[in-house]
Amino acid sequence: MIKIFVDSGSSIRQDETHIYNVEILPLKILIKDVEYSDGINLTMDTFYKALIEDHQFPKTSLPSLEDTETRVLKAVEDGFDVIIITISSKISGTNNAFNMLFKDNPHVRVIDSRSAVGGMKILVREAQKYLDKPLDFICDKLNALAPRITALAVPETLEYLHRGGRLSMAGYAIGTILKIKPVLMLKNSVSVAGKVIGLKSAMRFLSSALDNCDTDYPIIPSYTYDTANLKELISRTPSEYVKIMTEFDNIDPAVACHWGPNAFGYVFVEKESEQ
């Protein structure tokens, strides 16, 4: 028997655990000297009030290692082999910490999603195809798929990239004046896939990027705070891609704090290389 855990960077909510058949390990989020457990005692309303109205930039940290160890070892005692899928090791220390915690346990595997949010959901769905297979077989499938998962998103404003230390004051000022929109890519680490002028050009960029998606997997439309920009993006996307889209993914605070409100994008699996 296999049990799957994910950290809350997956954007899977507590009330969705029965849908995805997972257990969630909540990241810690510090807002104004108050530590919250992501998705447990931190609501989206509280998070966005702090971010937008109170101008507080949250800090994130690892899930409780004590709680994680207790819950995972309980699953092993109950006869399960455990797979833990974490947010990319390039943007969080969670994967490394869990690997150290369970390095000597033959019944536990820690998978680096190389992604976050919808990318982790895609890996969960992939794992569920093979729950009757051996633990190492499933992990091989996940490790082969993870590098092909791409998340592309466009922030409505550069303010939060600047507040999070990912954009200099000069870059923020120039980009705002020129209405430059960076297309951010999360593929193992965060990088800039392109720069365009205005939201409409950004939407064209995202739509055309789907020409490289593997339509055997779902496309996950993602947003922060409000769906208006995302809905317009979808309206500009060819129907062949819209028909394989799943439910909207309201991005987890651990990622959303850097993108800011009203960001929008797609998470998808790239076509296999022909090499």
Side-chain angles (χ1 to χ4, degrees), residues 11 88 90-91 113-122 145-164 166-168 170-252 255-274:
S11 286
S88 172
K90 296 295 185 182
I91 60 176
S113 73
R114 302 168 64 94
S115 185
V117 296
M120 295 173 70
K121 292 181 178 180
I122 289 173
L145 182 60
R148 296 170 53 202
I149 296 174
T150 297
L152 292 174
V154 176
E156 186 178 64
T157 170
L158 301 179
E159 175 184 352
Y160 297 90
L161 289 173
H162 171 58
R163 283 167 58 180
R166 295 178 180 271
L167 184 65
S168 68
Y172 168 65
I174 293 170
T176 300
I177 292 170
L178 298 180
K179 298 183 179 180
I180 293 174
K181 301 297 179 185
V183 180
L184 303 178
M185 179 169 66
L186 174 53
K187 188 177 175 64
N188 199 23
S189 60
V190 178
S191 61
V192 177
K195 295 179 181 179
V196 296
I197 304 296
L199 286 177
K200 299 298 187 292
S201 295
M203 291 176 185
R204 286 194 293 271
F205 187 106
L206 291 176
S207 178
S208 63
L210 295 182
D211 291 340
N212 191 40
C213 80
D214 185 338
T215 55
D216 288 336
Y217 294 90
I219 297 168
I220 301 180
S222 301
Y223 73 98
T224 59
Y225 190 61
D226 186 87
T227 61
N229 286 331
L230 181 60
K231 288 179 177 178
E232 184 172 353
L233 168 63
I234 292 173
S235 74
R236 295 168 176 269
T237 299
S239 60
E240 64 189 282
Y241 301 127
V242 175
K243 69 182 181 183
I244 60 171
M245 291 182 182
T246 61
E247 75 284 351
F248 290 1
D249 181 16
N250 190 1
I251 293 176
D252 182 76
V255 177
C257 62
H258 294 283
W259 291 356
N262 307 320
F264 57 96
Y266 289 138
V267 182
F268 59 93
V269 175
E270 291 182 346
K271 294 175 181 176
E272 283 193 272
S273 171
E274 296 180 357

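Worth saying up front: this structure is predicted, and the values here are computed from it rather than measured. As a basis for the values below, the full set of heavy atoms in this structure was taken, side chains included, without hydrogen atoms, waters or symmetry mates.
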Side-chain donor or acceptor of [X] paired with backbone N/O of [Y] under 3.5 Å:
X: K187; Y: R114; answer: no
X: N229; Y: N262; answer: yes
X: T150; Y: F268; answer: no
X: D249; Y: I220; answer: no

What closest approach, in Å, do [X] and [Y] show between heavy atoms, and which atom pair accounts for it?
X: L210; Y: M245; value: CD1-CE, 4.4 Å
X: I244; Y: Y217; value: CD1-O, 3.7 Å
X: V267; Y: G119; value: CG1-N, 3.4 Å
X: P238; Y: S207; value: CD-OG, 3.3 Å
X: A153; Y: L206; value: N-CD2, 4.4 Å
X: I234; Y: F248; value: CD1-CE1, 3.4 Å

Query - Test side-chain hydrogen bond (donor to acceptor under 3.5 Å, both in side chains) applied to S201 - qualifying residues, sequence neighbours left out - result: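 side-chain hydrogen bond (donor to acceptor under 3.5 Å, both in side chains) check on S201 returns R204.
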
Query raised in the report: Under the ring-ring contact (aromatic ring centres under 6.0 Å, His included) test, which residues partner F205, sequence neighbours left out?
Result: none

**Report entry** Side-chain touch S189/S88, heavy atoms, less than 4.5 angstrom
**Finding:** no

Requested in this report: Mind running side-chain contact (heavy atoms from CB on, under 4.5 Å) on K231 and Y223 for me, showing each step along the way?
Outcome: CA-CA 10 Å; K231 288 179 177 178; Y223 73 98; over 6 Å; no

Nearest-0.5 Å distance, [atom1] of residue [X] to [atom2] of residue [Y]:
X: T224; Y: W259; atom1: OG1; atom2: CH2; answer: 8.5 Å
X: L145; Y: I122; atom1: CG; atom2: CD1; answer: 7.5 Å
X: C213; Y: K271; atom1: SG; atom2: NZ; answer: 7.0 Å
X: S115; Y: L186; atom1: OG; atom2: CG; answer: 4.5 Å
X: K181; Y: L199; atom1: NZ; atom2: CG; answer: 5.0 Å
X: S222; Y: D252; atom1: OG; atom2: CG; answer: 11.5 Å

Report task. Decide side-chain contact (heavy atoms from CB on, under 4.5 Å) for L184 and V192; before the verdict, give the C-alpha distance in whole Å, the side-chain angles of both, and the deciding distance to 0.1 Å. Result -> CA-CA 5 Å; L184 303 178; V192 177; 4.2 Å; yes

